[in-house]
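Being a predicted model, the structure only gives us computed values, none of them experimental. Order of appearance sets the numbers: ligands from 1, and atoms from 1 within every ligand.
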Amino acid sequence: MILSTELSIIVPTYNESGNVQALLELIRGSLPDCEWEVVFVDDDSPDGTSRIVREIAARDRRVRCIQRLGRRGLSSACVEGMLSTVSPYLCVMDADLQHDTALLPDMLARLKAGDLDLVIGSRYVDAGSTGDLGRARAWMSRLATRLSRLLTGLDVRDPMSGFFMMRRPFFENVMHRISGRGFKILLDALMSAEPPAVYVELPYRMRTRSRGESKLSARVLWDFLIMLIDKLAGRMVPARFISFATVGFSGIFVQIFALWILHRVMSAAFVPADAVATLVAMTTNFSLNNYFTYADRRLSGKAFLRGLLSFYAACAFGAIINVSLAATIVAWGYPWWLAGSLGAVAGAVWNYAITAVFTWPKGA
Ligand code: GDD
Ligand code: MN
């Protein structure tokens, strides 16, 4: 009889070459009585993580590597890793040794024993702790936790956990609804679960990362907010558009501020000052979109300049559409605020659609 794998451990990696070997040692030691496999999903890390995983995989068939090209993203890496498996139990954990492999047998036993969908490794129950996570990070993490509990009405202590194990049917139930953007795959799965997930949280002490560095950045927090909005907006509007529109909104403030400096502080004439302020706002909008909205297709070097020019061009047309639509609506006798808003929405949709195709084309 061929024993198939019971537990698949999915480990997303980006520049974790120094941690792979140590993590595997720990897993081997923690799971002596179980048929397990580890699937590393690596986004083509420049430090050669994929190559190192494959070298180990050549000697241990329980280890596999999925190397993704031209893409980034923790959640989508986890989903794709899980899709590559057949085991009845699926676990997600970080490569950086911050998650305690000693918890694995207990997590598995809980899932096998009862009617649970999910077991969460939690930093905030009983003996669990954030270890010596920097104070700022710990605070940010608690804040995000509170915020998401408030917004989602979920009663999970650690919805931000990146360490959890679930039953395959639960994964299959949520996989089409997981937005795949960003970091918070657990929260995403919990919010997508229909009916609600049956889970338990087990405490563990989060360790300090010893090698490599954290990828949590401003971009990740942004993705997190957008994911929440995306979930709450019920998928009516694409997450990318929400991000684009939010950046666009910030542009209004940049423009007013630049105008104030040029016109009021530096006494430049209104029209040239406003023109320069517009250019400044378009430039910050482009940069913010390039960093946040299109983090996965980010332009740099020459492509950045080319992108900036095409962004200016798209926005110029967008402004014409905006103003002429508003003028038409006002001419039809509708109120000015309705005309102005509809014009702005039309301009934003135009800018979004055109730059999605020309400025940040897919697979360029
Ligand atoms: N494939 C892939 N692609 N893997 C990634 C990417 C990516 O774009 N970004 C990060 N990873 C991998 C890292 O290599 C690591 O194994 C794991 O995902 C977590 O990334 P870290 O950069 O170590 O994240 P962290 O320690 O700041 O955040 C952890 O704690 C958070 C709670 O505070 C993660 O577990 C988060 O999921 C968790 O929310
Ligand atoms: Mn980490």
Side-chain angles (χ1 to χ4, degrees), residues 9-24 26-27 38-50 52-53 64-82 84 91-101 103 120-124 128-148 156-165 178 180-190 204-221 223-225 227-228 295-298:
I9 302 170
I10 314 302
V11 183
T13 56
Y14 194 75
N15 287 344
E16 303 286 2
S17 60
N19 290 317
V20 167
Q21 184 71 53
L23 178 69
L24 282 169
L26 287 169
I27 292 175
V38 180
V39 182
F40 288 92
V41 187
D42 182 60
D43 286 349
D44 206 15
S45 305
D47 77 344
T49 306
S50 294
I52 287 169
V53 172
R64 291 197 281 130
C65 175
I66 297 178
Q67 181 174 6
R68 304 197 303 168
L69 304 177
R71 270 181 308 148
R72 278 296 302 276
L74 181 46
S75 285
S76 66
C78 295
V79 169
E80 283 172 43
M82 291 192 265
S84 81
C91 175
V92 170
M93 72 188 296
D94 291 359
D96 56 9
L97 315 179
Q98 289 188 290
H99 297 156
D100 190 357
T101 56
L103 199 62
I120 303 169
S122 173
R123 295 164 293 174
Y124 301 119
S129 111
T130 41
D132 27 354
L133 197 72
R135 273 182 66 192
R137 264 301 299 274
W139 182 84
M140 218 153 71
S141 176
R142 275 172 204 274
L143 182 75
T145 304
R146 295 250 169 81
L147 195 70
S148 51
V156 192
R157 292 301 190 82
D158 194 358
M160 302 292 149
S161 177
F163 186 26
F164 52 91
M165 196 183 286
I178 290 182
R181 264 183 80 95
F183 239 50
K184 307 304 172 192
I185 180 172
L186 173 65
L187 181 64
D188 197 338
L190 286 169
Y204 79 97
R205 195 182 155 80
M206 188 159 160
R207 274 173 293 194
T208 331
R209 181 190 257 281
S210 53
R211 290 200 205 82
E213 53 191 43
S214 169
K215 282 90 206 171
L216 198 128
S217 58
R219 205 261 293 166
V220 166
L221 287 178
D223 273 357
F224 169 61
L225 281 179
M227 188 202 85
L228 281 183
D296 55 334
R297 306 181 198 166
R298 202 175 286 163

Asks: Quick one: which ligand 1 atoms are inside 4.0 Å of a heavy atom on M160?
Replies: 32 (C), 38 (C), 39 (O)

Asks: Taking N or O atoms only and a 3.5 Å limit, does D43 qualify as a polar contact for ligand 1?
Replies: yes

Asks: Closer than 4.0 angstrom: is that true for some heavy atom of R123 and an atom of ligand 1?
Replies: yes

Asks: Look at R205 together with D100 and state whether they make a salt bridge at an N to O cut-off of under 4.0 Å.
Replies: no

Asks: Looking only at non-hydrogen atoms, find the nearest pair between T13 and T49 and report the distance.
Replies: OG1-CG2, 3.8 Å

Asks: May I ask you to decide if R207's main-chain N or O and Q98's side chain share a donor-acceptor pair within less than 3.5 Å?
Replies: yes

Asks: Does an N or O from R68, backbone or side chain, lie closer than 3.5 Å to an N or O of ligand 1?
Replies: no

Asks: Is there a donor-acceptor contact under 3.5 Å from the side chain of S84 to the main chain of G81?
Replies: yes

Asks: Could you pull out, from A95, G162, C78, the option with a heavy atom nearest to atom 37 (O) of ligand 1?
Replies: G162

Asks: Do any N/O/S atoms of D96 come under 2.8 Å of the Mn ion (ligand 2)?
Replies: yes

Asks: Any atoms of ligand 1 less than 4.0 Å from a non-hydrogen atom of E16? List them with their elements.
Replies: 13 (C), 14 (O), 15 (C), 16 (O)

Asks: Short N/O distance, under 3.5 Å, between R72 and ligand 1?
Replies: yes

Asks: Of the side chain and backbone of A77, name the one, both, or neither that has a heavy atom under 4.0 Å from an atom of ligand 1.
Replies: side chain

Asks: Report the relative orientation of the aromatic rings in Y204 and H99; use parallel for angles under 30°, tilted for 30 to 60°, perpendicular for over 60°.
Replies: perpendicular

Asks: Tell me yes or no: between the side chains of D44 and Q67, is some donor less than 3.5 Å from an acceptor?
Replies: yes

Asks: With atoms numbered from 1 as shown, which atoms in ligand 1 lie under 4.0 angstrom from a non-hydrogen atom of D96?
Replies: 23 (O), 26 (O)

Asks: Checking S17 against R211 for the side-chain hydrogen bond (donor to acceptor under 3.5 Å, both in side chains) test, could you report, in this order, the C-alpha distance in whole Å, the side-chain angles of both residues, the deciding distance, and whether it holds?
Replies: CA-CA 9 Å; S17 60; R211 290 200 205 82; over 6 Å; no

Asks: Within ligand 1, which atoms have a heavy atom of G73 less than 4.0 Å away?
Replies: 3 (N), 7 (C), 8 (O)

Asks: Does only the side chain of M93 get under 4.0 Å from ligand 1, or the backbone, or both, or neither? Count heavy atoms.
Replies: neither

Asks: Taking side chain as C-beta onward, heavy atoms only, is F163 less than 4.5 Å from C91?
Replies: yes

Asks: Are D43 and R68 ion-paired here, with the side-chain N under 4.0 Å from a carboxylate O?
Replies: yes

Asks: Please list, in number order, the atoms of ligand 1 under 4.0 Å from a heavy atom of H99.
Replies: 35 (O)

